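Below: the structure, in structure tokens.
Along the sequence shown, residues carry numbers from 1. Treat the numbers as computed from the prediction; the structure is a model and nothing was measured. Both counts, for ligands and for their atoms, begin at 1 and track the order of listing.
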Amino acid sequence: MYILKVLVEHPSRSLDMTFDYLSDEMVQPGCRVKITFGHQNIVGYVDDVIVTDQNKEQLEAENGFRYQYVQEIIDCQPLLNEELRHLADYMAKLTLSPRISCLQCMLPPQLKPSTNHSVGIIYVKCVKYLRDAVLKTEKQQKALQYIKEHDLLPVKDYPFSKTLLDNIEKQKAICYVRQEVYRDPYQKNEKTVADRPLTKRQQEAVNQILASYHSFTTFLLFGVTGSGKTEVYLHLSRFVIEHDKTVLMMVPEISLTPMMVQAFKSRFGRQVAILHSRLSSGERYDEYRRIVSQEVKIVVGARSAVFAPLENIGLIIMDEEHDTSYKQENDPRYLTTQIAKLRGKYHHCPVVLGSATPSLESYSRALKGVYQLCTLPERINKNPLPEIELIDMVQEIKNRNYGIFSKKMEKAIQERLNRNEQVILLLNKRGYAQYIRCDDCGEVIRCPHCDVTLTYHKASQSLKCHYCDYTHSVYYHCPHCHGTHLTKVGTGTQKVEEYIENHFYNAKVIRYDVDSTRRKGGHEKLLASFEKQEANILLGTQMIAKGLDFENVTFVGVINADMSLNIPDFRANERTFQLLEQVSGRSGRGNKKGIVMIQTYNPDHFVLQCIKTHDYQRFYTEEMKIRKLGKYPPYCHLVSILIQGKNEAETETYAMQIKRYLLNQLKGTVILGPANCTIYKVNDRYRKRITLKLTDSKELYPVLQRMNDFYKKGKVSVVCDFNPYTTL
Ligand code: ADP
Ligand code: ZN
């Protein structure tokens, strides 16, 4: 008899423990089982197994409670290997999350231990060669020879009739088997292309990294936009798979564009698996299975791909290491870089962090020698970085231009269109207008559940909350004073699109934002269309800033650079620098020279001055001074404790109680707050934040763990976030 220690999926943290079930059959830890829990039938995850020679009655007599048998064993093989199981345990401690939620986030949706799982496995009838036999006819003999050489193909793929196969099968030289087939989301690009010769710089980078092959070393590959980092990744990957190891290639979800996928697929074909959220769940499941069965040598994917069940990893790459999408914003709140490094350590392999605009944390580590710095300071073919011009919008207003575009930018765009060149425009605000204001009473229309204004979407004639998705049809009367003078204030991508269509000659715009790319394949279609030059303007939110490589783009325009500078977050400068440098990098990547214009009300701001000269070093130096003064990362570690509740007074009481507890337990740590979050109410919940600044986190974990345990059943939720990426 076996006692199974089973973890169950439950949103409440209070169930972060195992429950005992019985099984007559041996089950390996890491498999899923169907169990009855309370009155529900659910799926659990076997965490541990104990062998016992007692029977059910003896066990019950001894322990004083009734045992249940598992209803069914779902997997015969563990879903996660030992490395990943240990990683889940470690991650649970690191992020103070329930272990089941760590396991959940490692698996594709269809394999999650949860109540409603359905696996759409597709089977096909295949032919399996069994033995050499003397068959009745020569035709059959030849066919058998062919099958011997081409084993295990689907029946329909053999160049002879089903009857012929049936006859051979009757003579027991072959048999039919059911094989799982995989959906390949990128089947089209079957033929592979050869690697490109590297430039001297690229070769040096490759050599430097390979000098540490077989050891866990973290590299910061700092290469300007267009310096050919992708080619470096491809060459490194080739080396690794030729040495019978595997590659984990991480990219931000947004830059998992057809371009990046194509680059890897066209070099390595079926040896690559792609994991990202836009695949159908069946496709994702199949890609996962191909990895588990070791058919795949390279995994390319976004954040959660860091848990890909690859064995024998020889190299881990994280492109655009500074990207915010590498931070998971719900439980478990892990940082992909941290996980990648843990896996690198386990596999004794190099971890390469690539970026044109490294995070301050990473660059300071590289300067200290914690990471090895590896640089690509020039663009391919010594193409110059694009020239950048700052346009002072205060001056425009003085000249009575209140429009979206400065005169200069408007002219520059029209010139490119006339020359059949292409333009990329960035406006980091989707929708049509930012908000609606009543000119009679001055009220602004807000989300009833959140502390933000509703954004006007013209196509759907609706007002939407970008935080909780609340939607209301457009108002014709002010809900406060019933006045009729409603003004749409501010500019979103939809409004710019409309303006361009009405004011530029020969303009064809593609709008690229969350709304226009929502459908499956939406991203691919829009980008392909721009690549084929069916449109000459690509207008989008920050989604257009990364990874796009269009030769014919010679102009990049930033409509309002201040929007991201003014976000009340200590990383606002860094985010703005990264965004502007990345989007600028889209210009002039081919043979034609590129320029960039940035509209701003703060042209003297040091971030914009550094952008103008592409001066990362100066930006780094200036921003580090600010971080040092304010005692912010990388000069300390931040932990954010978010306290949320439906009742405002109760939330306040809890927050004060937590503050007292922390003051008591963590002597010498800077404890700020509780303060109301910038967006105080989201989804009808009031939000308060306590922020810890510390240099040493040793004593911290047990203190926060006790706090978590104490509050897990309360009316107010308490969430700890280590190294928070958003503090709004
Ligand atoms: P990054 O990711 O550093 O911004 P990319 O990898 O997109 O840069 O490369 C920029 C451009 O240079 C691409 O169009 C790419 O095809 C080209 N390129 C890269 N390496 C080489 C090379 N060794 N020879 C010729 N062209 C290259
Ligand atoms: Zn809302």
Report summary line: Near ligand 1 (heavy atom, under 4.0 angstrom), the protein residues are Arg196, Pro197, Leu198, Thr199, Gln202, Val224, Thr225, Gly226, Ser227, Gly228, Lys229, Thr230, Glu231, Ile380, Asp549, Arg589
Report summary line: For Arg511, the salt bridge (Lys or Arg N to Asp or Glu O under 4.0 Å) test, sequence neighbours excluded, returns Glu497, Asp513
Query raised in the report: Is Asp319 salt-bridged to Lys229, cutoff N-O under 4.0 Å?
Result: no
Query raised in the report: Going by an N to O cut-off under 4.0 Å, is there a salt bridge joining Asp721 and Lys327?
Result: yes
**Report entry** Arg365 and Glu361 ion-paired at < 4.0 Å
**Finding:** no
Query raised in the report: Who pairs with Tyr326 by ring-ring contact (aromatic ring centres under 6.0 Å, His included), at least two apart in sequence or on another chain?
Result: none
Report summary line: Residue set satisfying ring-ring contact (aromatic ring centres under 6.0 Å, His included) with Tyr233, at least two apart, ordered chain then number -> none
